[in-house]
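Notes to accompany the following structure.
Both ligands and their constituent atoms are indexed starting at 1 by order of listing. Nothing fancy with the numbering, it's 1 onward along the sequence. The figures that follow rest on heavy atoms only: side chains count, while hydrogens, waters and symmetry mates do not.
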Amino acid sequence: MTSIFRDDLFSGRVALVTGGGTGIGLGIAEALARHGADLAIVSRKAENVGPSADRIAGATGRRCLALTADVRQPEAVEAAVDQIVAELGGLEIVVNNAAGNFYCPSGELSPNGFGTVIDIDAKGTWNVSRAAYRARMKDHGGQILNISATLHHGGTPGQVHVAAAKAAVDAMTRTLAVEWGSLGIRVNAIAPGPIAETEGARRLFSGERADRLQRMIPTRRLGTIDDIVSLALFVLSEAASNINGAVIVSDGGLSLTGRFGIEP
Ligand code: HXC
């Protein structure tokens with residue numbers, strides 16, 4: 001897709017994208033590099049970030065570190081943030097994209113299953129935001145962009161763990177936006193609806209279910225990774241400098257119909 005944004009939109013900035021080796025995270029990471037940012041992509045699995053970082057660096061000429069850290073482990077997150085600041089010279093943008101999901105009826109979901117998604121999505125977002133704030137943003141400002149969802153804007157069966165986790169992400173977005181706004185830190189969230197060609201799509205609405213879902217979406221199409229990338233670039237740009245604490249939905253209007261993308 002041709003970008004409507006200036007090539008140098010993020011030059012001189014350093015970004016961190018969690019879950020940046022695949023899917024929406026990779027799309028945002030690559031776009032930030034194409035628009036001038038140096039960055040680090042972080043994943044629990046080295047094989048998810050190594051080849052992607054090499055590809056981003058090769059295609060854009062920007063520096064792209066591949067870091068292995070589990071967002072559930074605060075010490076690992078702090079070490080990754082310290083390494084980014086030391087090697088890339090700053091940290092202006094954090095994209096909290098790492099997430100976990102699976103479909104499971106609530107009565108069958110184990111305490112550890114519920115807790116695991118809370119740990120990745122909610123605590124992971126907190127761990128990374130806290131580390132970035134303490135290591136860099138409290139003195140230099142910056143931006144945090146959380147990737148949320150729409151599942152909790154209503155009731156979505158089989159998603160109690162994810163809905164609870166993403167509701168926490170939205171609450172953190174608003175709270176930190178207010179608490180840290182005067183320090184030059186903006187905190188926002190994007191709430192994607194169903195996005196094609198993602199791990200979430202594979203887990204929740206592949207094949208014939210995707211066709212049915214598409215017919216329910218007012219715009220009659222699934223979202224694309226590019227849809228979320230464009231919105232992320234806008235929110236992170238100066239054009240959105242008065243947007244703080246917002247949770248911006250990109251779902252073709254699906255959530256307005258009372259559905260959220262999961263058709264078991
Ligand atoms: C029921 C399940 C389960 C399933 C795991 N569990 N999968 N329970 N149904 N399908 C339970 C396990 O039994 C275990 O509980 C607990 O969850 C932890 O499982 P582990 O496999 O040990 O966890 P871990 O290796 O840490 O893996 C985390 C994970 C995994 C979330 C379970 O799926 C993962 O790594 N996902 C990352 C990628 C991902 O999910 N991407 C999609 C994001 S989509 P017990 O009790 O047995 O110990 C998204 C939004 C989509 O976020 C919105 C769409 C509209």
Side-chain angles (χ1 to χ4, degrees), residues 17-28 41-49 52 68-73 76 95-125 127 145-170 189-207 209-210 212-214 216-217 219 221-225 227-228 232 247-264:
V17 183
T18 67
T22 57
I24 290 172
L26 174 59
I28 294 173
I41 55 177
V42 179
S43 169
R44 157 169 68 124
K45 296 180 189 149
E47 67 269 24
N48 277 355
V49 281
S52 295
T68 307
D70 189 330
V71 296
R72 292 172 281 192
Q73 295 171 353
V95 181
N96 284 307
N97 165 77
N101 197 350
F102 50 82
Y103 175 84
C104 186
S106 299
E108 294 165 27
L109 182 63
S110 71
N112 191 36
F114 185 89
T116 295
V117 172
I118 296 285
D119 284 349
I120 299 170
D121 295 25
K123 289 192 193 171
T125 294
N127 290 337
L145 178 63
N146 298 325
I147 305 303
S148 185
T150 60
L151 303 163
H152 55 296
H153 296 189
T156 309
Q159 291 285 281
V160 69
H161 43 329
V162 186
K166 294 297 194 183
V169 168
D170 290 359
I190 292 175
I195 305 298
E197 294 175 28
T198 59
E199 179 62 19
R202 193 184 65 73
R203 288 169 184 243
L204 300 171
F205 52 86
S206 56
R209 287 188 296 172
R212 265 194 292 139
L213 185 54
Q214 196 159 316
M216 291 173 200
I217 298 174
T219 51
R221 69 169 179 91
L222 295 171
T224 65
I225 290 175
D227 289 326
I228 305 306
V247 179
I248 304 172
V249 174
S250 175
D251 72 345
L254 178 65
S255 55
L256 298 175
T257 72
R259 309 190 94 121
F260 304 95
I262 310 304
E263 290 295 308

Would you please write out the protein residues whose heavy atoms approach any atom of ligand 1 to under 4.0 angstrom, listed by chain and number? R44, R72, A99, G100, N101, F102, C104, S110, N112, G113, T116, I120, E199, G200, R203, L204, F260

Of all residues at least two apart in sequence or in a different chain, which pass the side chain to side chain contact (heavy atoms under 4.5 Å, CB included) check with V249? T150, H153, A191, D251, S255

Looking at residues at least two apart in the chain, or sitting in another chain, which of them share a side chain to side chain contact (heavy atoms under 4.5 Å, CB included) with I190? L145, I147, P192, I228, L231, A232

Look only at the side chain of E197 and the backbone of R202, and say whether a donor-acceptor pair between them is shorter than 3.5 Å.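 Flag not set: sc E197 to bb R202 has no pair under 3.5 Å.
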
Sidechain-backbone polar pair: N146 side chain, S148 backbone, donor-acceptor under 3.5 Å: no

Please tell me whether Q159 and N101 have a donor and an acceptor in their side chains that are separated by less than 3.5 angstrom. yes

Holding to side-chain hydrogen bond (donor to acceptor under 3.5 Å, both in side chains), I want the full list of residues that pass it with T224, two or more places apart in sequence or in another chain.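 Only D227 meet the side-chain hydrogen bond (donor to acceptor under 3.5 Å, both in side chains) criterion with T224.
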
